Amino acid sequence: MKHLNLHTPPERRLTVMALSIALLVAPGTSLLAADYQEAPQLAEQVKAGTLPPVEERLPENPFVLEPIESVGTYGGVWRSALKGTYDNGWIRRTVAYQPLVAFSLDWSEVVPNVAESFEVNDEATEFTFHLRKGHKWSDGEPFTAADIDFALNDIAKNPEYKGEKAPNFDWDNMTGEVIDETTYRITLERPDGLLIQRLASVDGPFLTFAPKHYCGQLVPSVNPDADKLAAERGFDSWSQALEKTCFTYFTDEKRPSLNAWQQATAYDGLNQIIEFERNPYFYKVDTAGNQLPYIDKATMLQSENVEDILLKVINGEVDFSNRHFATVTNKPVIYDSQESGNYRLTSTVDARMNHAILQLNLNNEDPVKRALYNERDFRVALSLATDREEIVDVIFAGQGKPFQAAPRPESPYYHEELATQYTEYDPDKANELLDGLGLTERNDDGIRLNSAGDPITIQLYTPSDQIEFNDMSQLIVNQWAEIGIQLDQRNVERSFVYERLHGNQHDMHIWWGDGGLGDALLDARYYFPFNRESAFALQWAQWFNNPDSEGGNEPSEPARKQMELYRELKASGDPAQQAEIFKQILDISAEQFWVIGTVLPAEGYMVVNKNLGNVPDSQPYAWLYPQPAPMGTSQLFYKN
Amino acid sequence: MNSTIMTEAAADLPEDSSTVRGTLAGTESQWQLIRRRFRQHRMARVSLYILILFAFCAVFANFLAPKDPLKVQARYTYAPPQGLHFIDRDENGDWSFRPHVYGYKVEVEPEALRRVFVIDPSKKIYLNWFVEGHEYKLLGLFPSNIHLFGPERKRDPLYLLGSDRLGRDMLSRLLLGTRISLSVGIVGVVLSLFFGVLIGGLAGFYGGWFDAVTQRTIEFLRSLPTIPLWMALASAMPSDWSPLRVYFVITLILSLLGWTELARVVRGRFLALKDEDYVAAALYDGASHIRVVMRHMVPAFTSHIITAASLAIPGMILAETALSFLGLGLQSPVVSWGVLLQEAQNIRVLATAPWLLAPGLAIVIAVLAMNFVGDGLRDAADPYAR
Amino acid sequence: MTLYLVRRLVTMLLTLLALSVVVFVVIQLPPGDFITSYIARLSGSGETIDQAVIDTLRERYQMDAPILAQYWAWLKGMLHGEFGYSFEMKLPVAQIFSERIGISLAVELLAVVVMWAVAIPIGIYSAVRQYSIGDYFATVIGFFGLAVPNFLFALVLMYICYVWFGVTITGLFSPEYMNAKWSLDRFLDFVQHVWAPVLVIATAGTAQLVRVLRANLLDELNKPYVLTARAKGLEKRKVIMRYPVRVAMNPLVSTIGWVLPTVISSSFVTAIVLNLPTLSPILLRALLSQDMYLAGALILFMGVLTMIGTLISDLLLAWIDPRIRLGMVGAN
Amino acid sequence: MSTSPEQPVLQVRKLSVDFPHKDGAFHAIESLNFDLLPGKTTCFVGESGSGKSVTARAIMNIVDPAIITQGSVTIIDRESQNSLELTSLDTDSEEIRAVRGARIAMIFQEPMSSLSPVHTIGQQIVEAILLHQDVNETEARKRAIEALKAVHIHSPERAVDRYPFEYSGGMRQRAMIAMAIACEPDILIADEPTTALDVTTQAEILLLIRELQRKRGMSVMFITHDMGVVAEIADDVAVMLNGRIVEHGPVDQIFHAPKHPYTRKLIDASLGLEQAAARPVPPRPDKPLIQIDDIRLQFGGHKSWFSKTVYGAVVALESVSLSLWPGEILGIVGESGSGKTSLGRVLMGRYKPVSGSAIYTDRQGRERDLTQAASFRDKQVYREIRMIFQDPYSSLNPRMTVEQIIAEPLRINGLASGNELRERVANLLERVGLSASMMERYPHAFSGGQRQRIGIARAIALEPRVIIADESTSALDGSVRAQILDLLLDLRDELGLSIIFIAHDIGVVRYLCDRVAVMHRGRVVETGLAHQVCDAPVDSYTQRLISAVPRPDPRQRGLRSA
């Protein structure tokens, strides 16, 4: 496997993607059982008889991981930090990403992971996964197709289960069946060409998360006394107990896993350090036959305060992370302390295509506002009145470039027109456009009056925990005032922003430009009314997801066209075709100019202990691609 | 002890000699006495001057501010403070008095994501008095664009206290913040006083069930942990309120919980005063309750109220700061010390822009000064205390 | 005395009831509920959530029940010793509580002790040497502690320790002792860490105490009984310690009840900045995420603590001041 | 100086004490010379502020914040004749501490505040014993009990563990004395030890001191402003004025051949009271001005919400019946707690009795029951019945000028305004013997006597018919007191006032009043013409009360050992 080359021309990568998903992926070179080595402390346990020998613990065909740099040596602790009690995201991004199929390092393809191989039919309705023979959970119990079936049928599809489950899966559409112990097949009613990517995303491990022999105790279909057991453990219902035990909260450290490091302390918000210890049954080996992981232990300090984490970073107490602290603001400090903190910086390419997307609410309840916001020229005028260079200069120290809400240049779906139109700063033209809309009257403060004769005021609530949104908005307030548009910006608690949003009470919403790289297809929120985050047209998005739902509203013609195209896209199993359809969607986006983008984020960074080996120089940074996990964190090792 | 003996001695002198000592204490009113005794308290006196200075800054913040406190300057983010020089030396080596600062050489370090500022002594920026600058309303009434001082050329950088992350002038922001923070304290305390004196006074004067209920309420309110309560109240505030309204409501919230202390003081004083003979005398003069309270009792503890208030104001300022820290207090574009400090709440600032902590220093000085004034007032408060 | 105690306990119960109402109202006041804040948080990491899940959550947490019913359910639960369930931490409130309460109280009480230990000698010194250089010095230092916002002090302390000593002083334990059982080593480790938060919290309150003690003592120093004691031939220092200080301490003792909520409030912010494993960060998170049962129980608990504190200080006062003990004067 | 040939135990020479002050120093005492002789009592008299207490403290060398500027205090051991000069010692040195309490002991005026409120009597005495005597705690406690027994405290074994506030005033003073004598000092300094006490208690304490002095041969330095007390106990007398001793000599000489005019003034003032002639009884109209019938007043019996104290019902007045006739001065005497002040407050409508009535016939001839709140509503009663308070300091609002204070009743009742008001105030001031030019001053610029005059001016401002004077002269020094009493008599005659004069001082009552009612434990035990009651009391309590009053003549010492 090559290092991520993000500068490959998009067209070329497109083909790579197309190939890799369609093909049946072959397993790596197999090694002889006798070649396997293990960590010294495991060897001791084997010697002491408390652990079976390594070849018995590994599956018949272990996953052979080709190291990024070299074969490593055993030992060491990987230290990082969590913020607060709800930071399971970092755990999922680091030690708990063992889905059936995984993204490749450069996010260009989906490769087998827990599954030794997989097949997808051309219609994108039948997905067959071949598991590894002799694959074991971290407690030594066998991992079989029954475990996947348990996750799918007994949990995800169980109407009695009221807890959270992996979002974004259309569980009703999926039927799973156990073909044999190592073969599992998922059949879809409606085709979904994106399912395999979804399974490789951060949500994918849901299917490999719940050992039936452990979690089954809490499910009535497996254990009739589940409710009683749940009550014994102090829960209201089995469903609650199961959620806590087998979902991604990591609150139950006893749940066996397939991960490189098995959780040793519960992440219950009370433990101050969460520890993960080497899983003796981990199924991956390096090319030399050493059972992974190299590193003995991963520890995550739970901190309440990002500044505390930052201090630990610059003091060299964090080995490999970018969680929470790796912001533009903190970069100078982190950059300066590389020497004293004994770390270096590697880069990440933000999957986000924008530092902030401004979404005018096209479904605004106020007819005057709605009419105005639906004027494309109005949105264009606002875009032209936005001095993006100033934003780049002031807030991002000159790093980044003007960009609209469009897939990133590195992305296979890059759409130049959508990305660059109206990014120039041209207040004169903006004024012209507004005059052209008949908004010529102004009040004493120079604010234009709308058709009802009121000054045009757009309310914007920025979440108070995102200081960059606040700063950017303040600049934009001044910039827009130049063309006679008043932006009334307030900093509020984030939940309040969402409270307004979900009540469709917002004039405008500001958020990161998610969905800029490989996740563009899976998260198309800014390209058309796609999901609950498409704040520019929530009612249309709701209609798209469920035409019968309350609060849904029939979208405009172009939006409907995009939705149809997206359905078509999903029905296709062919990535090339998907990309083609997606381009059509983006064409419409460009034409409609739904939302206003600001600045394309420059490279992000990651703090890496200088002694740490097998670290990729660059990696995409996204939620669906749970950076850094797809690199295979089990290959990290300490030099010397 | 000392003064008691003296007064006694003075008083017992034969009448004709009263001119000797009597003039000293003879016709001085309470305020004159307090003033005299307060003046003897050196710390308090100095502190009072400091507070007057602060108040002056607050009132004339815009006039004093050399730059627009809200004006973003892309080129000068995190610019360090410039040194102020008074003596100018021209090419010929002649000396002259001409206040100036040096310009910056700015470089962007793309790797570290920052601007590096080097003071450039070759670029002299001369300061002038009463220059034209950004527009504002003096005392909130008279539009003006004259500022006490500023750079000769309007666009030249002038950052005597450095700039913040958006290149805004810290000195100007600090001055503007003084206005909000001091007024939060003062308005909050005035409100607290209103509630405190009213409720405490009624409780102390009439006693009985009202007093009992008040006592319970105060005890109850004081048993509430303040910060969580503020948080909850502050986060309950409708967010579409204008910053000014938020400001008043925050103040109100602070004072709603702050009145208890004052009410306790007032009640105690009332209870003690109620038994003073001169209060009984006023009643026997046929004075109404209102008159007894307002004419005879309240003057007796105005000095105590002022003391209590002077000690409560810092509490309010700190409370506002704490709320801002939690992201629940005032927020930009309103500028208060708390808001400024909140923006300085990170390692980045400590490490690379420590001048942004200036508001912290302002808080410390203001709180110290108020406490000393309060102390001085307390010592001078009751010249008749026996 | 028994009657007094019974009466106090009854009023405490009533106050508690009132407190529960206030707390409930307060935690209900902010717009939205746990679900909205939960959704908001998920979107922060790029996650999205299905409407179906939201509906399930709402139903499960009975978010849509009438306020009164919610209150009643909450109150009833508490009467049964069930403090509810933390939505966010997915743990019974009681468990969260019992895990953290010890360390919280330890830090807070330690801060109180340090406050007193520092404040009493300084207060005595300031009163006896009124207007001396030392008095001014102590006053300025004390007020400095009072004036510097806690969070600022904590942050600066953190940074200074990093720059000067290359250590991070956050938390209460080194990583190796974080999840360990209590042992002598762990205790020593605790002691090595606890000074920072205690320093930050205590500085905020010391000035207040010094001032109260100083003022009280100044009053007492001029009382005739001081002269009596000196006329007996007692050393001046002993006179001061044995008589006026003893009397001046009484009002101070009666402030213990108030000191506790003050300390809790100031430890609130400190604990967050210094990342202490106490209840404060949990409460902050609970308030922000509107994890209402957790927040409610914690605030209520703080109230109860204050009430107990007040009761203790009243009893203590009665114990050390015979005038109150024997019913000659009312407490406070 | 001393007329006694005996060797003094204490010699004071040229003693001066200054209070340092910004604008120079205030000389509290200047160049005092005197000796204290063993077994003798030297009384220091003079009005408050004359430097008596400072002298006492200077002897102990505890004068801070003042400083001893010059002079010597030499204490001479009676047996070894070793002498020790005290003023040159460090004020906290071991030598001087060995003297304090052991060789010179001191008792103070206010026994409540002079004892630590948070230590038991026993602890405080034991401490003194342990300081100076080489005994263990058990022994010290035993001695403390003995000391308590010596001062006639009942069941000293139990009393030793009591707190000061559990003692009555007299017992506290005894405890103070017990503490002072516990180490058997050579010199006892008593600083106004009886001023705060009732006459009967005062008599007991005086007796006690004399008894102890005789028994132990102590030298006593007794500070007082009461010439009666001086006459009763002194061997020698030193008269102080403005920090100097103006006259010093044996008691008989001071009383019967005073040299200094100030001494004479003091003696006259006290003798004046004593020698008041019986006044003719004014003719009585048919109806009394105030008829008090069967009043019963009771306090408490309810729980107090906030003070957490439950009071039992205390009966303050029981079947009190009295009448005040027009033009007469009715004295009400009794010890503190006898109910006399409560009676005054009932008449002012401040307390509401449980039963009984107090019918007042106002100027218009309407009858008003002073026990009913309704009677006070129209302010008429307040205009006609006025009050003069005991404490001239607390009864004047310190924040108001004299003009404002006196004008207040006039203003409230709308009787005058503007220049007229000012004139009336000026008139009133002059009437009570003060200069109208003082009108703009604040009360703190006046002496106690002057303040009381202001209080009287306020009282008569409304031209009242009745004045209730509640202990109005008890806080004043002798000569001032006499002036005030004369002023009241003048005003009575001038304005035709009736006065209810509440006092504990029989001398004053005898001097001023036409009739006297003696109260004891809330009841009136005896009423009658003043001179009859004072000279020939019928009731046994009255007899005791009268006999306890010290006579201001050393030749007629009345106190006998109990």
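Since the structure is predicted, the reported quantities are computational estimates derived from the model, not experimental observations. By convention in this document, chain letters (A, B, ...) are assigned in the order of the sequence lines, proteins followed by strands, and residues within each chain are numbered from 1.
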Minimum-distance pair of heavy atoms, taken over all atoms of D/M106 and C/A231: CB-CB, 4.1 Å
Any chance you could measure D/R100, atom CZ, to C/E235, atom CD, to the nearest 0.5 Å? 10.5 Å
Would you compute the distance between atom CG of D/L115 and atom NZ of C/K223 and round it to the nearest 0.5 angstrom? 13.0 Å
Check each atom of D/L131 against the heavy atoms of chain C and say whether the ones under 4.5 Å are side chain, backbone, both or neither. side chain
Contacts of residues 237-244 of chain C with chain D (heavy atom under 4.5 Å): C/R237, C/R242, C/Y243
Heavy-atom distance under 4.5 Å to chain C: side chain of D/I96, backbone, both or neither? neither
Please round to the nearest 0.5 Å and tell me the distance separating atom CZ of D/R57 and atom CZ of C/R230. 8.5 Å
Which one wins on heavy-atom pair count under 4.5 Å against chain C: D/S114, D/P164, D/S93, D/G101? D/S114
Max heavy-atom pairs within cutoff under 4.5 Å with chain C, candidates D/M176, D/M179, D/E127, goes to D/E127
Report the C-alpha separation of C/T228 and D/Q124 in whole Å, then their side-chain angles, then the decisive distance to 0.1 Å, and conclude whether the side chain to side chain contact (heavy atoms under 4.5 Å, CB included) test is met. CA-CA 10 Å; C/T228 311; D/Q124 299 184 52; 5.8 Å; no
Closest heavy-atom contact between C/R246 and D/H119? CG-CE1, 4.1 Å
Within a radius of less than 6.0 Å around CZ of C/F144, do more than 12 heavy atoms belonging to other residues, nucleotides or ligands occur? no
The reported gap from CD in C/E220 to OG in D/S113 (rounded to nearest 0.5 angstrom) is 10.5 Å
Counting only heavy atoms closer than 4.5 Å, note whether D/A128 contacts chain C via side chain, backbone, both or neither. both
Answer with side chain, backbone, both or neither: which region of D/T91 has an atom nearer than 4.5 Å to a non-hydrogen atom of chain C? both
Looking at D/V118 and C/V247, what are the two nearest heavy atoms and their distance? CG2-CG2, 3.7 Å
